[in-house]
Each structure stands twice: as structure tokens, then as C-alpha cells.
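One structure is given here, and the rest of the page talks about it.
Hydrogens, waters and symmetry mates play no part in the numbers below; they use all other heavy atoms, side chains included. Because the structure is a prediction, the values reported are computed rather than measured. Just so you know, ligand 1 is whichever comes first in the structure, and atom 1 is the first atom listed for that ligand.
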Amino acid sequence: MKFAPFFADRGKRAFWIAGPCSAETEEQMLETAKGLASSNIDLFRAGIWKPRTRPNSFEGIGTQGLEWLNTVKRETGLKVCTEVVEEALKHNIDVLWIGARTTVNPFSVQEIADALKGTDIPVLIKNPINPDIKLWIGAIERIYDSGIKQLGVIHRGFSSYGSDKYRNQPRWQIAIELKRQFPDLPMICDSSHICGTRDLLEEVSQKALDLNYDGIMLEVHPDPDTAWSDPKQQVKPDVFSGIKDRLKYRQVFSDDAEFLESLENLRHQIDEIDDEIMSLMASRMNLAAGIGAYKKRNNISILQTGRWSEILEKNIAKGNQMGLSVEFVSGLLKAVHQESINRQHQIMKSKDE
Ligand code: PEP
Ligand code: MN
């Protein structure tokens, strides 16, 4: 896929999308937009139709909201975006986004793709609510195949069962993998829907910029506590402007010779350590295969829970002393243990010599 840029300064600065979760009244829209006027944002956002998780919540103001977006355009000169619905195409909207609850459903995405045929409006595709990168990619392919080349993606986190620090878990690795597969596709972080609360917005947005995201989407409302949807995560325009000013955009590349030399040097050391890790892993797995053969001869089960708990506990404690987190050490050991079980399993399955 070959994407067309919808953002000229990509790689030089962050792209900013801000505005209320939902269009509520024309006054609320204009007040928010005017409050954002001095913040140099690239796109003003507002949801007009809100697919809600449960019924009886505010489901959006409908078509009149599209008129209000046009009032915002006229009065402030801002470009505007909303969640895609066919009607938006007739109302001079600059950019559309596909919501997380829509990306999950290939039928809905295909309907949208069909409706977009023959237009050249830029489209931003939110991740599906479930952590399935293939669904996300499928939606990108469907919209691309309809002829839309100005595409971007929005990472808004993934839902999970139970309570968590975040409203939607970021699972950064999924977004990073998408960036790896499609480096030309701009990636925006919707920190508001990841966080669910105001106090985390700055930290999450900075993390996204540190991970080289192209931009940030934040929900802004003149009086967040009274917002008709998502009140806890919206901020006033002046709070938004403070966050935006404090965030640091990082360049992917610097041509400073000294920087390049020390980066090169550090990367060289990392590559050497990675080589060592790989050969150590290979040796470890060969030992596991030997143990597998021994267990097979003596008819002993592969899994020895006592031994496994001992390895886990000993190394978590050791890792801790060396500044390695429990999550990292246990994740790494579990992957190693699984590979070792797989090796032993192969030996057990093999025919006796
Ligand atoms: C939104 O951006 O207001 C929205 C409904 O988001 P999502 O589709 O990510 O839940
Ligand atoms: Mn919202």
C-alpha cells in the first residue's frame, strides 16, 4: 500500500486534533473552538453520532451537529473532523475518523469503504476495541481499496475486563507493530480514550511522542464536568493548551555527527549483547532437549512445577537486585520456559531411536 500524506509537516512537528467528545449545542462547539483558537491545532473534532456501549446514554446530536461544525469552520478557519457517517460527506467535513466500535466489524467497515468510493477525503482509522491487529489492518486495507490514499490511524487503547489504571489499555506493542509494518502510515494517539481521566493525559501523550507518534488527539470541553459524554477525561481549553505547550516532540533523526557516532557506538554494543543472548538461548535450549531425552528414557513428565517455581523466584529476586522489573523477568522466563517445553515435547513425540 502506498499512502498519500495528509499532513505536510510529518516528522517535523506533532499533528494536533482537539475538540469535544460530542457536539452538544452550537454555543458549546463555538466556545470550545474559540478557546482553542490560540493553540494552533490542526483539526477540530466533535462526535455527532455516538455509538455507545450501553443504551440510554447520550447517542449524539445528529445532522445538526454537522451544521455546527461548519459554523466552527466559518468562524474560526479551523479544519474539522467527525466520526464517519455517509451524511458527513455532504457537509464539507475535512477529515473523517472510523470509531473503535466500527473497526471491529468488517461488514460496517466495508459499507463505509463503499460509501467513500469516488471521494478523496482523508480518513483516520481507530484501532478496534479488541486487541486484534489483523482487524485493524483489515480496516486499513478495505478503506485503501476503496481509493482513499490519505490515511492515518488512531491508537485509542483496547478494552479489558476488570478495573485498570487506564480506561482502555494502551498495549503499546500492538501500535508499534502496526508502525513497523506500515511506517508511512501516520499514527495519532487518542490519549483521552486511553486514559479515561485527566491526570494521565500528559504522561500518556508524552509517551506517544517518545515512541515517535505523529500526533495527539485530546477531548476538550468548556465545562468538562457537565459534558454529555466522557466528562472525566475532557479538559478545558486552557488546560489543553498547557499540556500541548509542555509536551516535547522528538525528532526521529538528527544529523549531528557527535550524536550519530555515540548512537552508532551504543547500537554496536547492543548488537553484540543480542548476539550473545541468542547463542546463550540456543545453548540453553540444547540442554533442555538433552533433559527431554533423559525424561523420556525414564518416563518422567516434562513439567516439574517445583523446579519451575524455583527458577522463577530465584531469577525475579536476582533481576530485582540488578534493576530489572518483575514483569520483564517473569515475561522473559515464561517465554524461555515455553520454548524449552516445546523442545522437550518434540523429543517426547519423536520415535525411539
Ligand atoms: C470518540 O472519539 O469520541 C469515540 C467515540 O472514540 P472511540 O471510537 O475510540 O471509542
Ligand atoms: Mn469520547
Polar contact flag, side-chain donor to acceptor under 3.5 angstrom, Ser205-Ser191
yes

Do the side chains of Lys207 and Asp210 get close enough for a salt bridge, i.e. N-O under 4.0 angstrom?
no

Could you pull out all residues at least two apart from Tyr294 that satisfy ring-ring contact (aromatic ring centres under 6.0 Å, His included)?
none

Is the shortest distance from a Lys or Arg side-chain nitrogen in Lys50 or Asp230 to a carboxylate oxygen in the other one below 4.0 Å?
no

Using the Mn ion (ligand 2) as the apex, give the angle to atoms SG (Cys21) and NE2 (His193), rounded to 10 degrees.
170°

Only N/O/S atoms count here: what is the atom of Glu219 closest to the Mn ion (ligand 2) called?
OE2

As a test of reading the model: which residues have a non-hydrogen atom less than 4.0 Å away from ligand 1?
Cys21, Arg45, Lys50, Trp97, Gly99, Ala100, Arg101, Lys126, Arg156, His193, Glu219

Minimum heavy-atom separation for Ser192 and Glu219, please, with both atom names.
OG-N, 2.8 Å

Measuring from the Mn ion (ligand 2), name the closest N, O or S atom belonging to Asp230.
OD2

Given Ser39 and Trp16, is the side chain to side chain contact (heavy atoms under 4.5 Å, CB included) satisfied, shown in steps?
CA-CA 9 Å; Ser39 286; Trp16 283 93; over 6 Å; no

Would Lys149 count as a cation-pi partner of Tyr144, with NZ or CZ less than 6.0 Å from the six-membered ring centre and within 45° of the ring normal?
yes

